[in-house]
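Everything on this sheet refers to the single structure shown next.
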Amino acid sequence: MTNLIHDSKIFNINRMEPHSDHKYTIPNVETREYLNGIWNFKYNGAKENTFIEVPGHMELQGYGSPQYVNTMYPWDGIEDLVPGEVPTYKNTYGIYEKEIEIPINWNMNRVFISFQGVESSLELYCNDKFVGYSEDSFTPSEFYLSPFLKPGKNILKAKVTKWCSGSWLEDQDFWRLSGIFRDVYLYTIPEIHMEDLFLTSEIEDNFKNGILKGEVKFKKFNNRTINMEISVYYEKKLIKSENYKEIIDDNFSFEIFISNLKLWSAEKPHLYDVIITLKDFETNQLIETINQKFGFRKFHLENNILKINGKRIIFKGVNRHEFNCYKGRAITEKDMIWDIKFLKQHNFNSVRTSHYPNNSKWYELCDLYGLYVIDEANIESHGTWQFPTGISGDKAIPGDSNEWKENVLDRAKSMVERDKNHCSIVMWSCGNESYGGKNLYEVSKYFKEKDPSRVVQYEGLYWDRRYNSTSDVESRMYSPVTDIEKYLEENPEKPFILCEYSHAMGNSNGGLYKYTELEKKYEMYQGGFIWDYIDQSLIKKFEDGHEYLAYGGDFGDRPTDYNFCVNGIIYGDRKISPKVQEIKYLFSDFKLYPDKNGVLIENNSLFTNTEEFLLKYKILKNGLEIYSETLEIDIEPLSEKYVNLNIPNVQNPGEYVIEVSLHLKENNLWGKIGHEINFGQYTFKINGTSKLICDENLTIVDGDYNLGVRGNNFEYLFSKSYGGLISIKYNNIEYLNSIPKLNFWRAPTDNDRGNKMAQRYAQWKIASLYGSSQAFNITKDEKSISILYKIKLWTNPETYCNLIYKVDCMGILNIELDYPGFENISEMPNFGISFNLNKELTDFTWYGLGREENYIDRNKGARLGIFSKTVKENFSEYIIPQECGNYTDTRWVNLYDKHGNGITIEGNNLFEFSALPYGVNAIEEASHNWQLPPSSATYLNINLRQMGVGGDNSWGAHTHKDSLIDASKPLNLKFKIKPF
């Protein structure tokens with residue numbers, strides 16, 4: 001039967017019709033027997049049996065290698081194929097074998113098998129007889145097994161092939177893996193079985209009452225008449241019950257009126273239990289019980305606005321691949337629960353299942369916890385129309401070709417029929433990046449005819465407008481804010497959503513606030529979905545057993561798209577990246593704007609009163625808390641209120657922060673009591689005067705080669721010949737390893753690499769590496785000594801900086817870096833000084849914005865306070881080493897060793913800094929974290945300003961102009977160093 005994989009018109013044989021994923025029970029019978037576990041296995045024609053774990057991927061268990069590609073097909077350059085043709089070179093397969101025995105209390109006439117997910121094609125045999133064939137990796141493949149069974153032991157064999165003709169429709173941006181990666185189980189059904197259930201609701205205009213509608217399809221093995229009872233419960237309380245007598249037909253519909261509804265939304269995921277019992281009409285014997293969770297909600301388009309239960313919705317979403325760094329797409333329920341709690345805790349309200357239907361359990365969790373879902377069909381053919389040379393739809397599939405029509409419709413149907421009862425799903429998606437054409441339009445038509453209660457989304461219309469009604473929304477990817485505004489200001493016909501935006505590759509997500517600011521400005525702007533949720537990095541082991549997170553190419557996979565698989569807001573091992581701090585703040589429905597007397601609170605939620613939270617406020621003086629209170633507040637959804645606060649009248653000089661925050665009042669499914677929802681800060685200063693008391697006697701030694709300045713507990717040494725500061729000693733401890741370097745560079749981020757920052761700004765790296773002292777001047781007075789170095793920068797045009805060191809009568813080292821500005825020169829990535837310091841300085845505390853790293857275009861979610869970290873933990877775990885660990889709006893930073901010895905840096909004005917175990921050049925040169933050498937120093941970077949990280953996309957979008965450093969203008973950095 002091997003030729004099945006070569007025919008694009010054959011995508012299933014004997015596969016059961018798709019149906020809803022409702023749960024049912026039979027009296028005194030376990031309806032499922034899971035076959036997960038160890039199976040016998042033969043790989044690629046091997047004669048000897050080995051073993052493999054199910055669920056799992058072949059490649060992650062030693063059978064072949066994983067391969068990562070994005071747009072191009074995995075066989076590109078290996079075999080010259082046209083869509084529908086299947087590779088013959090390196091198209092691997094595995095034979096899975098399992099001995100089964102049917103439970104005694106199952107009737108062998110009613111035994112089925114379900115494969116919930118198989119990549120990419122499945123041929124099933126039972127006792128060496130062909131049972132059936134299926135493609136579509138991400139929806140169930142189910143077969144009627146009874147005709148092939150015999151009493152006692154039975155042998156199942158499943159041939160799983162890596163690539164089939166259907167693989168042309170599975171060109172998603174992910175690791176190319178194969179195998180049985182979701183649950184496998186046998187199941188039985190009673191003589192009369194509710195095979196399919198479709199629940200919908202019709203909500204009255206006042207959103208108080210509604211009608212529960214149901215369509216039922218029975219599978220019968222006899223002609224008995226049944227009675228059906230439908231009971232609707234809310235929180236275990238019976239709300240309504242209806243009885244239907246003497247049902248004979250195979251199809252049945254019902255309507256039940258429900259008053260005083262508790263509507264479902266992501267904010268308020270109210271679920272009802274719809275319990276259906278089937279009984280024999282004559283004997284009243286219970287045949288089957290169904291318990292289906294159901295949420296009453298209305299998601300609709302009204303005057304070109306997407307609404308949930310009558311309220312305009314803003315999607316604060318993310319694209320989520322199913323992924324585990326050890327098991328690939330064979331994710332566990334534990335993974336899913338972790339994911340959904342994380343998303344709820346960080347103010348996400350929606351998920352797009354990029355780019356395939358997910359494990360059925362995921363939708364149950366989204367129903368329960370409350371997330372809006374775009375459910376996406378397993379259709380992507382990116383590599384048939386987007387090429388390095390440009391866009392061409394001539395060869396795009398499925399296009400208008402009859403060859404692919406039934407295949408894509410089958411994929412759409414398999415998704416909808418399984419998932420249709422999940423209230424969390426508010427949109428169906430026709431797939432991803434498959435251009436346009438008639439076949440996708442037919443998919444959209446099917447969605448709308450089958451399920452008018454949901455909206456249809458498809459982005460590909462941007463490239464092919466021939467069937468513009470395919471999508472009910474204007475869905476785009478990575479559109480600049482200016483393009484979005486242009487669309488929304490030119491009489492748009494559809495609401496606008498970004499199905500992908502703010503590409504989270506490496507140190508990214510800069511400028512996200514520019515998108516969230518559109519929410520108030522344009523009613524038809526309705527949010528978007530960040531790309532993406534989790535780094536698709538796989539665990540790989542060295543020969544000594546040590547593990548590391550690997551990306552494309554690390555497994556010898558060619559062709560590959562290397563690290564383009566790591567775009568997540570969390571790392572592959574589910575550690576949270578620093579970028580999340582910004583997203584959580586911007587995505588919150590609750591905005592807090594304090595001042596000296598109180599706080600203006602905007603409740604932008606649709607259905608949540610602030611009574612659910614506690615309002616906490618505190619006063620910080622110079623970063624230290626001096627006062628706090630907690631109170632309850634009552635602000636209705638979609639309203640704002642100014643709340644007066646009992647703020648003490650402070651008069652002593654200092655910098656004060658009024659911080660206000662909202663916290664969970666009680667535990668709930670996704671968060672614990674006290675969990676912070678969002679915060680706001682107001683800062684003000686009370687100025688005072690301070691007198692400089694000079695009690696130090698400076699000893700100055702002006703030698704031939706060096707200038708030394710020392711006092712009771714300090715010593716500085718400046719080199720005339722080497723052109724800089726060569727020693728900082730406090731209490732006879734040396735802190736400086738080498739001359740501080742002017743630094744105009746940073747280790748390029750993924751976004752920098754994508755937009756050729758290094759090539760465009762390369763002269764600033766040269767200036768950082770090779771700046772040379774051209775002059776040395778000393779100025780003395782009674783209370784201080786100043787040393788000036790004029791540093792030539794090897795740029796074009798030629799530029800220079802003045803570097804001035806001044807030791808005052810307190811022994812404090814004052815440093816000034818002055819750049820006068822020069823015309824006709826590129827922006828500079830950074831303006832500051834880098835210090836190579838004693839590696840014993842392992843810890844730091846700072847007063848500035850934190851707690852996580854932040855940049856000038858990603859610091860809205862940072863708060864002003866005093867924070868502490870180790871230098872090691874400040875090195876962010878981006879999979880390719882790059883710029884990280886920066887902090888803006890800093891007042892001071894202390895860097896110290898385990899004994900409390902160290903240095904303090906204070907800014908004359910606000911400054912930026914980072915403290916890292918590696919220097920800029922070492923970070924830039926490494927392509928994996930394990931390639932970084934053992935740390936020999938602590939690198940302290942004191943900057944006036946660093947350019948923003950950007951993030952509109954990672955393949956060309958520049959950092960926004962307002963987050964760059966204009967090198968044509970003067971720049972001046974002043975700070976001081978003293979003992980800690």
Side-chain angles (χ1 to χ4, degrees), residues 55-60 64-74 117 119-120 137-138 170-179 181-182 318-332 335-336 338-339 342-343 351-356 358-359 362 376 378 380 382-383 432-433 500 502-509 529-541 547-577 579-580 750 754 876-880 882 927-929 953-955:
H57 295 285
M58 298 184 206
E59 295 82 359
L60 301 184
S65 295
Q67 180 185 11
Y68 168 67
V69 286
N70 173 21
T71 303
M72 61 179 156
Y73 284 92
E119 281 185 276
S120 66
S137 300
F138 297 97
E170 297 183 0
D171 192 33
Q172 287 92 338
D173 175 12
F174 62 10
W175 287 96
R176 308 309 165 104
L177 302 166
S178 58
F181 68 97
R182 289 182 186 160
V318 70
N319 287 271
R320 175 181 170 272
H321 272 294
E322 293 184 304
F323 195 77
N324 177 294
C325 63
Y326 288 93
K327 294 180 66 78
R329 288 185 281 280
I331 64 170
T332 65
D335 292 331
M336 289 184 257
W338 193 97
D339 291 348
F342 165 86
L343 292 171
V351 165
R352 177 175 175 235
T353 67
S354 53
H355 301 289
Y356 40 81
N358 284 188
N359 189 307
W362 177 249
E376 192 145 84
N378 178 26
E380 178 163 349
H382 204 164
N432 184 65
E433 293 179 316
E500 295 177 20
S502 192
H503 199 260
M505 189 174 180
N507 194 348
S508 188
N509 296 115
F529 298 78
I530 289 173
W531 185 268
D532 61 357
Y533 173 61
I534 186 169
D535 281 352
Q536 292 183 76
S537 51
L538 288 169
I539 289 291
K540 189 177 182 186
K541 291 186 178 181
E547 297 177 340
Y548 71 96
L549 290 168
Y551 54 82
D554 285 347
F555 296 89
D557 45 315
R558 303 292 188 277
T560 186
D561 282 302
Y562 301 97
N563 68 312
F564 208 71
C565 57
V566 283
N567 318 131
I569 60 172
I570 64 171
Y571 301 123
D573 55 5
R574 279 181 166 75
K575 293 178 183 175
I576 300 172
S577 87
K579 298 170 286 191
V580 173
D750 287 312
S876 302
E877 297 179 35
Y878 302 121
I879 198 163
I880 289 186
Q882 57 195 274
S927 58
H928 294 81
N929 285 295
N953 67 51
S954 299
W955 50 90

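Note that the coordinates shown come from a computational prediction; the quantities given were computed from them, not determined experimentally. Just so you know, these numbers use all the heavy atoms, side chains as well, and skip hydrogens, waters and symmetry mates.
Side-chain contact between Tyr68 and Phe555 is absent, with no heavy-atom pair separated by less than 4.5 Å. Using a 4.5 Å heavy-atom threshold, the side chains of Asp535 and Tyr551 count as separate. Between Asn432 and Glu500, the closest side-chain pair of non-hydrogen atoms falls below 4.5 Å. At least one side-chain heavy atom of Tyr533 sits under 4.5 Å from a side-chain heavy atom of Leu343.
Scored by the side-chain contact (heavy atoms from CB on, under 4.5 Å) test, Asn929 finds Phe875, Pro881, Leu932 as partners (sequence neighbours excluded). Remark: Asn507 engages Tyr855, Arg858 in a side chain to side chain donor-acceptor pair (under 3.5 Å) (not counting sequence neighbours). Scanning for ring-ring contact (aromatic ring centres under 6.0 Å, His included) contacts around Phe181 gives His57, Phe138, with sequence neighbours left out.
The shortest heavy-atom contact between Leu60 and Pro66 is CD2-CG, 4.2 Å. Taking all atoms of both residues into account, the shortest heavy-atom contact from Arg176 to Val69 is NH2-O, 3.3 Å. Listed here is the closest heavy atom pair of Met505 and Val566: CG-O, 3.5 Å.
Ring-plane geometry between His503 and Phe564 is classed as parallel, the angle between the planes falling under 30 degrees on a 0 to 90 degree scale with a further cut at 60.
Between Glu170 and Ser120, the side chains place no donor N or O within less than 3.5 Å of an acceptor N or O (distance only, hydrogens not considered).
Between His321 and Tyr356, a ring centre-to-centre spacing shorter than 6.0 Å is recorded.
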